[in-house]
Amino acid sequence: MQVGSLTKATVVDHIIPHRGDMILFWDETNWQPLCTRCHNRKTRVEDMHILYKY
């Protein structure tokens, strides 16, 4: 994929990871559409960062 290219969104991502919080999980203002590749990259970075640990 090239930088600046458009890819169809296939995943609903949580802007702030919900980590099991059902209120945050269903909060539509916390949703954003992403392609699978971008979602996986974002999630991997969040999982490595101490701020997002359980």
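All figures in this text were calculated on a predicted structure; none of them were measured in a lab.
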Members besides Val11 in its Ile/Leu/Val/Met/Phe/Trp/Tyr cluster (side-chain heavy atoms under 4.5 Å): none

Where His14 and Lys42 come nearest, the two heavy atoms and their spacing: O-NZ, 3.0 Å

Where Cys35 and Lys8 come nearest, the two heavy atoms and their spacing: CB-O, 3.7 Å

Heavy-atom side-chain contact between Trp31 and Phe25 under 4.5 Å: no

Expected output: side-chain His18 to main-chain Gly20 donor-acceptor under 3.5 Å: yes

Expected output: side-chain Asn30 to main-chain Ile16 donor-acceptor under 3.5 Å: yes

Test item: Thr10 side-chain N/O and Thr36 main-chain N/O as donor-acceptor pair under 3.5 Å: yes

Asp47 bridged to Arg19 by N-O distance under 4.0 Å: yes

Where at least one partner belongs to residues 23-36, residue pairs that pass salt bridge (charged side-chain N to carboxylate O under 4.0 Å, His left out), sequence neighbours excluded: none

